[in-house]
Structure formats: C-alpha cells, structure tokens
Amino acid sequence: MKWSKAYSIGESKLEAGETRDAIRYFKKALVIAQKNGSKQEEADTLERLGNVYRDIEHYHEAVDCFEKGLEIVKETGDKKLESEMCYRIGLACDKLGDYEKFMQYSKQGFNVALRIGDSRLTAHSYEGLGRAFCALCDYQKSITCHKKAIDVYKQLNNEEGLGVCYANMSLSYQMQGKYHDAIRLLEESLRISVNEIGRKEHQAIALLNLGTIYTKLNDIDKALEMFQKSLTISIDISNKGLQANCCVGLGNLLINYSNKYLKAIPFFQQCLDISIEIGDKQLQSVTLVNIGKCLTGLHRYEEANKHYDSSLAIAKELNDKGLEASIYYAMAENNIIRNQFQTALPLLEKCHDIASINGNTEIEGAACYGLGKIYYSLHKENQGHQACHDTDDNIAKSEQYLRKALDCFDFLFQHLHQRDLLKVSIFDKFNKAYKLLTTVLIETGRPQEALLVSDGGRARALGDRLMFKYGIIQKDMSLPKPLTYSDVEAIFFKDVFSILHYSLLSNSLAVWVLAKDSLMFRETEKEQFNSAIEILTQEKKDGDENSIKRFFTATVSRAYEMMKIQESVTCENRSLDDCVTSKDHVTTKASESLSRDDGTSEETLDKASHPLETLYNCLVGPVLSDVRHDEIVIVPDGPMYRVPFAALRDPNTGHYLSDTKRIRLAPSIAILKALNECPVDHHSQKGALIVGNPSVGEVMFRGKKRVFARLASAGTEVRVISYKLGQAALTGEQATKNAVLHKLREGSAVIHIAAHGSSDNGEIALAPNVSPERQGIPEEDDYLLTMREVQEIGIKAQLVVLSCCYSGRGEIRAEGMVGLSRAFLAAGARSVVASLWAIDDTITLCFMLKFYGYLTRGDSASVSLHKAMLDIRAEEGHRDPKYWAPFFLIGDDVTLNL
C-alpha cells in the first residue's frame with residue numbers, strides 16, 4: 001500500500017467518526033513513510049497523528065508524535081512546520097500541566113515564526129506565549145502577548161484566531177479580578193464562534209469560562225445557565241475535558257451556595273475519573289481540592305486533609321502557584337472551622353503571599369479577610385488574660401488585614417465598571433469584612449471610623465452608579481473618594497434632620513445617632529437580645545452569628561401577621577410576580593412570604609410583647625431622646641428594610657413613632673452625600689409622567705402565555721392624579737413601552753406608575769409596542785420595561801411614586817433592598833415613594849390624593865407623606881397601621897414646583 005492511500009483512508013475514517021480505525025491507518029502510513037525514507041511524509045503523518053491524539057484528549061501520545069515530528073522537520077528545514085509543531089506541543093503540555101515545557105516550546109516556535117516572517121504563525125506564537133505566561137501566573141505578560149496576536153489576526157481578518165485569543169486573554173483578566181474585561185472578551189469570543197465560525201468547542205470554552213466568572217461574582221442563576229449550555233455542547237462534541245470542567249463548575253455551585261456537599265461529590269468524582277483518564281493533572285488537583293471542601297462541609301476533616309495533601313502535591317509538581325494558593329486557603333478553612341487558628345495562620349499567610357505576588361486580587365482579598373478574622377478570634381481568646389501581651393497586637397493585625405481585604409474588594413468593584421447587577425451580587429461576598437472591621441473599630445473606641453466603614457458596606461453599587469451618573473466621578477471605572485467624617489458633617493448644613501444609622505453585627509446591634517455637631521453611639525450586646533431571640537426563634541443563647549439577624553426577620557414577620565394586613569384586603573394585585581385576573585383577597589408570592597416558616601408556635605408567640613413594640617424597644621426607644629429633629633433619616637440594615645418604622649409603638653405611652661417624627665429612609669450616608677452634590681439642573685424641574693392601567697393583554701411572559709388583567713382602580717387613580725397635576729396620563733393602549741420610553745427621554749419632575757410591577761427585578765408591564773413587522777403574541781421585549789433600559793436612558797425625575805403592590809419590597813442583599821424602589825434610584829431618580837404591602841384600592845386612592853394635595857401646595861415629599869398618613873389615621877376605622885403605614889420615602893426630601 002502506498003503512503004498516500006493509507007493516509008487518505010485514515011482521513012476518510014476520521015471524517016466518518018471512526019477514530020480508532022483512522023489512527024490505525026495513520027500508523028500504517030507512518031511505517032510506509034519510514035520504509036520509503038521520506039522525511040516529509042513521515043513529518044506530515046506524525047503531525048496528523050498528534051492532532052488526532054490531541055482531539056481525543058490523549059495528550060501524552062500527542063506530545064510524543066509532535067516531538068518526533070519536530071526532530072524530523074528540523075532536518076528537512078521546513079520552518080513553517082517547525083513553528084507549527086512547537087505551538088502544538090506547547091498546547092498539549094499545557095493540558096498535561098507541564099508549564100515549563102509549555103513555555104520552552106512556545107518561545108522556540110515564536111523565534112522561528114519571527115525569523116521567517118510568517119504573519120499567521122507569528123500570531124499563533126504570540127497566542128501560545130500568552131497562554132504559557134498565563135499558566136505560569138504572569139498575567140500581564142500574557143495580556144501583552146495576546147494583544148499582539150490580536151493585532152496580527154485583525155490584519156489577517158482571521159476571525160477564528162481572534163475568537164481564540166479573546167477567550168484566552170479573558171483568563172488573565174479573570175485571574176486579576178478584572179471581571180468586566182473578562183466578560184467582554186468572552187462575549188465577543190462567543191459571538192465569533194457562534195456567528196462567524198460555528199466552532200462548538202470554542203463556544204463551550206467561552207460558556208464554561210463565563211460560568212466560572214459568574215460564580216465568582218455570586219450570580220448563581222447566570223453561572224448555572226452558562227455551565228449547563230457548555231455541558232450540553234461538550235457532550236455533543238464528546239470533549240471529556242470540557243465535560244469534566246463543567247462538572248467542577250456545577251459542583252462548586254452546589255457546595256458554595258447551597259451547602260449540598262453529598263450531591264456535589266458525584267460531580268467531582270466523575271471529573272476526577274475523566275482527569276485521570278486523559279492525563280490532565282491540573283484538573284486532578286482542582287477536583288481533589290473540591291472533594292476536600294465537600295468533606296470539610298460534612299465534618300470529615302481528616303479525610304478532607306488527605307485530599308488537600310494530594311491536591312497540593314500535584315499543584316507543586318506542576319508549579320501552578322495560583323492553584324497552590326487556592327489549596328492553602330481551603331486547608332486553612334478546614335482548620336478555622338475547628339478553631340485551630342495557629343494551624344490555619346501559616347496556611348493563609350502562604351496563600352496571601354502567593355496571591356499578592358501573582359496579582360490574584362480575589363484570593364488575596366479572601367486571604368486577608370481570613371487573616372483578619374483569625375487575629376480577631378485570637379484577640380477575643382486572649383481577652384481577660386492579664387499576663388498576655390499579644391491582645392492589642394492581635395487586634396491591630398486584624399484591622400490591618402481587614403483594611404487590606406477592603407482594598408482588594410475595591411479593586412474588584414472598580415474593574416466591574418458600571419455593571420450594576422454584578423456589583424450587587426458580588427458584594428454579598430464582601431459584606432462580612434466590612435462588618436468585622438466595624439466591630440474591631442468599635443471595640444477599639446473609634447465610633448467615627450466604625451461609622452464610615454459601616455456605611456462603606458452599604459449600597460456600594462448604587463453609590464458608585466449615582467456618583468458616575470451625577471458627574472461626581474468622571475470615568476465609569478473610577479472609585480468615588482472614600483467617605484470622610486467631614487463629608488458626613490457637611491450633610492447637615494441645613495440642620496433639619498437627624499440620622500439613625502444601624503448596623504447588625506455578629507454579636508450586637510450598633511446604632512449611630514447623627515445631627516449637626518453631634519454624634520451619639522450605642523451598642524446593644526447580643527446578651528440583651530437572648531431572651532427575645534429564644535422566644536421568637538427557639539434558639540439557645542449560644543446561637544450562631546446570624547441569630548440577631550434572624551430575630552429581627554422573625555419579629556418583622558410577626559408584626560405583619562399581627563397587623564393582619566392580608567385579611568380583608570380588597571385590592572387589585574399589581575404585582576408582576578404573581579398575576580391574578582380579578583379583584584380578590586391578595587394571595588401573591590410576596591404576601592405568602594410573610595407567613596412563618598421557622599416552626600414557631602402561636603403559643604410561643606403569645607409569650608412575646610407586640611412585635612411593633614418589640615421593634616420600638618430595640619431600634620428606637622434607647623436612642624430617641626438623642627434625636628432632636630422632627631425628621632429622622634434612617635439608614636437600615638438587612639431585615640430592617642421591611643420594618644414599618646412609622647408604625648413602631650412605644651409600649652409605655654401607646655404612641656406611634658410617626659406621632660412625633662417624620663421618617664425617611666436612605667440606603668447609605670454616601671448616597672445622601674451624592675444627592676447633595678448632584679447639580680441642581682440635573683433633575684427635571686417641571687412636568688409629570690403618569691402611567692396607569694396599561695392594556696397589556698395576552699403576552700409571552702417567562703416562556704408562557706399570560707393574560708395581564710386590567711387595573712380599573714389604577715386607571716381611576718391616575719385620572720384623578722392627572723387632573724390634580726394638570727398633566728395628561730398614559731393609560732390603556734396609549735401606555736405603550738415606546739411611549740413611556742419617549743416620555744422618559746423628555747424628562748419629568750414626577751413619575752407616577754400604577755401598573756403591574758416586579759419587586760424582584762424592577763420590570764414593569766406596559767401596553768405592547770405595535771409593529772406591523774411583528775406577528776403573533778407579543779414577547780417580553782415588546783411590553784416589559786426593564787430597569788436596564790431605564791438606566792440606559794436615565795431618569796431625571798425628582799420624585800417617583802410606585803403605586804404597585806409591594807413596590808417597596810425586594811430581595812434583602814448586602815447591598816440593601818434590591819427591588820423596584822432601588823431600581824428607580826439607580827436609574828437616577830432623586831427620591832422614591834413605595835409600599836411595603838397592599839392596602840384597599842379606595843384607601844390607596846385617598847392616600848395618593850392627600851399626598852399630592854400637600855405636594856402641590858409646596859410641602860416637601862417627606863412632609864406630604866407624613867401628613868397623608870395622619871389624615872388616613874384620623875378617618876373612621878382606619879386607625880390600624882395596616883391602612884396608613886405601608887408607604888415610605890427613600891432618598892432625598894424634594895420640594896417640587898408643580
């Protein structure tokens with residue numbers, strides 16, 4: 001048989017998917033070439049065999065073929081093939097974890113490509129070098145090489161090469177914590193692989209890497225979506241390595257965000273089996289450390305240590321410093337859980353040193369937080385031991401590392417640019433560092449500094465967005481200057497309100513009372529809550545660090561129950577989250593979430609005082625004598641966002657807080673500062689956009705056909721408000737998405753919306769856009785107004801009134817309450833009026849008429865809201881807080897010239 005025939009049959013078998021037979025014929029062709037003494041044929045065959053072995057993930061065999069072929073092409077003088085062979089050997093060595101050899105061959109191929117002046121091979125070689133530098137944790141050199149490769153690929157119009165480069169370069173940005181750049185590159189790589197090339201492997205890689213980044217950013221839903229899509233493609237193309245990496249990603253979601261360790265282990269075991277089969281040592285090490293994390297979570301600490309040791313041995317063999325740092329961190333966590341701080345310390349120090357050298361900001365920040373936590377724990381252990389001189393040193397070290405952790409987190413924040421939702425999700429991972437540093441500063445007698453740190457852990461994403469929107473920071477990735485106490489004092493230049501800033505710490509509730517030239521601080525220790533915590537949550541006094549938070553959550557839920565706000569409420573359900581088609585008692589998801597789910601019996605509840613009085617005693621009573629103004633601006637924390645502060649009742653007098661005080665909420669003091677510094681002409685001074693009762697009709701909603709009921713009471717409400725404000729309202733079929741967007745671009749001083757709205761993501765259902773090109777049932781893009789769209793346009797309103805069910809509700813995150821009200825603040829509104837629960841339509845209409853009546857007479861939003869509350873309370877049968885207490889004002893206190 002001739003060489004050409006054997007080679008041709010091998011290609012045919014390969015095309016038919018008969019890989020094993022293809023290899024057999026290529027090997028026959030190799031023997032024939034060797035007998036014929038044809039070096040060129042032998043080199044070509046070895047290269048083809050190497051490529052086949054690489055494609056089926058037999059990397060040792062691939063390297064063997066490529067290296068033999070390289071020796072031959074050096075003899076034949078085929079420089080192009082020599083450079084190509086070096087590139088391919090390097091990539092196979094990468095899969096085997098032999099990074100030094102990867103770098104050696106990448107440099108060799110690069111030098112050959114430069115000498116012969118071949119642009120395509122030069123681009124290939126730059127890309128190979130970029131990968132090698134990334135594997136060796138030299139991320140900046142990796143980025144430089146990839147940028148040079150991209151320049152050449154663009155000159156060559158090589159879309160496939162560009163897609164590969166974008167995906168590879170994203171890894172270096174990802175490791176540096178520059179997630180915005182990493183996501184941007186991966187999305188571009190994905191676009192190319194789908195639209196231009198159609199290469200499924202490249203699609204799967206980009207999706208896998210996106211899933212990894214979204215995991216780091218705490219966006220679990222998005223991460224899951226990416227991993228599942230990548231896994232589907234990987235199975236389709238039979239790429240075991242990619243399948244294994246997807247299993248790692250899915251397993252990580254199970255252990256990091258739902259503590260499902262037993263469910264995660266099979267994912268990791270499957271990955272371990274594949275990694276051993278294909279000889280991917282780096283993947284073996286990653287899998288072993290993840291199995292170790294599962295075993296730690298299951299309290300099987302010694303078994304976990306064995307897996308960590310095995311993982312570490314492989315990482316050291318590969319000289320993979322990034323992986324080594326991650327393993328040290330996992331090993332330290334295994335010891336911290338058991339309070340073995342002295343064993344954990346050197347492990348975290350090693351992790352920190354490696355991460356800081358490599359520029360891995362995320363791991364460095366995590367290590368700094370871990371070290372800060374350990375030194376604080378050692379400080380607490382040593383308290384009371386008079387002979388010990390390390391106590392002050394330990395708490396000083398704790399502060400030092402915690403501040404370094406916050407610097408790392410600021411870096412990650414900065415490099416997310418204006419990706420607001422991702423900033424919200426990632427901040428959940430940072431919040432503990434702010435809380436612990438606040439505690440350290442309080443314990444060392446520095447309440448002013450503690451206040452600044454506590455406020456720095458509030459509404460960070462919202463603050464960054466507003467300061468950029470208002471022109472206070474000029475570039476989208478700039479960080480605002482840290483809040484100083486002088487900034488805080490400047491907020492009180494008019495001396496018309498006091499601030500209550502709350503912070504729920506692990507063992508106490510801290511509250512700062514601020515006014516012009518005045519700062520009072522009070523801390524309520526956990527022990528003072530213990531009896532109440534036991535009654536409401538049935539926890540022992542040694543409950544975990546979240547017991548105070550759960551106490552407030554349970555107390556607020558009980559307050560809602562005892563106000564009976566779900567009973568005899570006849571109102572339209574304006575919630576987008578769970579639509580009904582007729583007037584009825586409200587039974588939406590939002591109201592159902594108020595029901596008890598912690599097992600507390602009614603008998604147990606009866607032992608406690610009225611929850612509105614309990615909340616008064618905990619939050620207001622101890623500090624009210626220090627509040628010297630009629631208006632209180634409250635900066636809540638966690639579950640306090642659901643507290644109806646106006647309805648808190650003094651058990652001694654029976655008076656509500658709103659009897660003597662006007663109440664306004666603020667996400668943070670920094671937000672108040674941004675609102676103060678916003679140019680006067682930034683917001684509209686005239687006009688009103690009034691939207692109510694849109695004709696949504698039958699539409700596609702979350703993948704299903706839905707019919708959104710008309711909101712007759714909302715229509716009546718906006719007609720009356722329209723008459724009072726002298727502005728036409730958009731209702732029915734006129735209230736289309738395009739019409740509302742047009743009005744938003746024009747700008748209005750007031751926006752009033754009475755429509756179906758989502759407290760989860762800020763979406764509002766409007767009448768679908770009418771387009772002759774669009775056939776069939778309207779899709780979400782046709783009628784749903786999203787906050788992303790609103791933020792892109794920007795809102796110039798001074799006041800937004802959200803007359804929707806539960807418009808003041810949302811998900812409690814470290815960022816604060818993330819829902820409809822925050823979405824409008826983020827879009828640029830100066831202040832928002834929203835509701836914590838639903839009340840009767842007739843009362844809502846009455847409330848709004850009174851509110852706008854005072855507003856149009858020149859009263860501020862805060863005064864108007866307060867007076868409307870008092871008026872409703874004065875009416876026969878409406879004394880109960882469920883009728884007048886749901887509405888609140890968040891943001892600035894605006895006075896409008898309507």
Side-chain angles (χ1 to χ4, degrees), residues 434-435 438 442 447-448 450-459 483 485 487-492 494-505 508-525 528-529 548-549 551-552 555-556 559 612-650 655-673 675-676 808 812 816-817 831 836 862 865-866 869 885 888-893:
Y434 283 92
K435 295 284 189 184
T438 300
I442 288 172
Q448 282 189 10
L451 170 67
L452 298 177
V453 171
S454 177
D455 198 71
R458 309 295 176 85
L483 192 72
Y485 198 71
D487 295 328
V488 176
E489 291 176 317
I491 291 171
F492 298 104
K494 291 183 180 178
D495 193 24
V496 293
F497 60 83
S498 298
I499 293 177
L500 293 183
H501 178 106
Y502 293 98
S503 185
L504 279 172
L505 305 174
S508 66
L509 168 66
V511 57
W512 290 261
V513 185
L514 298 100
K516 187 176 179 64
D517 303 322
S518 174
L519 169 65
M520 301 293 293
F521 172 75
R522 180 183 177 88
E523 186 178 21
T524 305
E525 299 291 342
Q528 295 173 254
F529 288 106
I548 296 181
K549 184 177 179 181
F551 160 71
F552 278 105
T555 306
V556 173
L612 292 177
E613 295 177 351
T614 301
L615 291 168
Y616 183 96
N617 286 335
C618 292
L619 297 174
V620 178
V623 296
L624 192 58
S625 61
D626 297 318
V627 177
R628 67 190 196 203
H629 295 95
D630 291 336
E631 183 180 24
I632 305 174
V633 177
I634 293 173
V635 180
D637 192 13
M640 295 177 201
Y641 271 96
R642 289 183 177 167
V643 171
F645 281 94
L648 299 191
R649 189 171 66 204
D650 186 339
H655 292 154
Y656 293 104
L657 181 59
S658 55
D659 283 335
T660 56
K661 302 294 181 185
R662 298 195 314 275
I663 298 155
R664 173 162 51 106
L665 302 186
S668 69
I669 297 175
I671 298 294
L672 292 176
K673 174 178 180 288
L675 292 170
N676 279 346
I812 302 292
M817 178 78 81
S831 58
L836 288 170
S862 174
L865 192 67
H866 183 71
M869 280 186 187
F888 64 89
L889 173 68
I890 186 167
D892 200 9
D893 184 20

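Keep in mind it's a predicted model, so treat the numbers as computed, not measured.
Looking at heavy atoms from C-beta onward, Ser831 lies in side-chain contact with Leu889 at the 4.5 angstrom threshold. The closest side-chain heavy-atom distance from Ile491 to Phe497 is below 4.5 Å. Counting heavy atoms from C-beta outward, Leu619 and Phe552 have side chains that approach closer than 4.5 Å. Using a 4.5 Å cut-off on side-chain heavy atoms (C-beta onward), Asp893 and Val496 make no contact. A heavy-atom distance below 4.5 Å is not found between the side chains of Arg662 and His629. You'll find the side chain of Lys661 reaches within 4.5 Å of the side chain of Leu624, heavy atoms only. Contact of the Ile663 side chain with the Met869 side chain is not registered, since no non-hydrogen atoms from C-beta on lie closer than 4.5 Å. A 4.5 Å side-chain heavy-atom check between Val488 and Leu452 finds at least one atom pair inside the cut-off.
The two residues Ala646 and Tyr656 make their nearest non-hydrogen contact at O-CB, 3.7 Å. Nearest heavy atom pair, residue Ala510 against residue Leu505, reads CB-CD1, 4.1 Å. Nearest heavy atom pair, residue Pro644 against residue Ala885, reads CB-O, 4.2 Å. Across Asn617 and Pro622, no two heavy atoms sit closer than the pair O-CD, 3.0 Å. In this structure, Val556 and Pro639 approach most closely via the heavy-atom pair CG2-O, 4.1 Å. The nearest pair of heavy atoms linking Glu523 to Ile442 is OE1-CG2, 3.5 Å.
Interatomic distance, CD1 of Ile548 versus OG1 of Thr524, reported as 8.5 Å (0.5 Å rounding). Interatomic distance, CG of Leu500 versus CG of Leu665, reported as 11.0 Å (0.5 Å rounding). Atom CE of residue Met640 and atom CE of residue Met817 lie 12.5 Å apart, to the nearest 0.5 angstrom. Separation of atoms CG (Asp650) and CG (Leu612) is listed at 12.5 Å; rounding is to 0.5 Å. Of the inter-residue distances, the one linking Ile499 atom CD1 with Glu631 atom CD reads 10.0 Å to the nearest 0.5 angstrom. Rounded to the nearest 0.5 Å, atoms NZ (Lys673) and CG (Leu675) are 11.0 Å apart.
Evaluated for a ring pair (Phe, Tyr, Trp, His ring centres under 6.0 Å) with Trp512, the options Tyr502, Tyr485, Phe521 yield exactly one hit, Phe521. A side-chain contact (heavy atoms from CB on, under 4.5 Å) with Asp626 holds for exactly one of Leu519, Val513, Leu514; it is Val513.
Salt bridge Asp637/Arg458: present, at least one basic N to carboxylate O contact under 4.0 Å. We find that Asp495 and Arg628 are joined by a salt bridge, their nearest charged nitrogen and carboxylate oxygen being less than 4.0 Å apart.
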- prompt: Please walk me through it: do Ser454 and His501 pass side chain to side chain donor-acceptor pair (under 3.5 Å)?
  reply: CA-CA 9 Å; Ser454 177; His501 178 106; 2.9 Å; yes
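Using modelled atom types, one side-chain atom of Asp455 and one backbone atom of Ile669 make a donor-acceptor pair closer than 3.5 Å. Looking only at distances, a side-chain donor or acceptor of Lys435 sits under 3.5 Å from a matching main-chain atom of Leu504.
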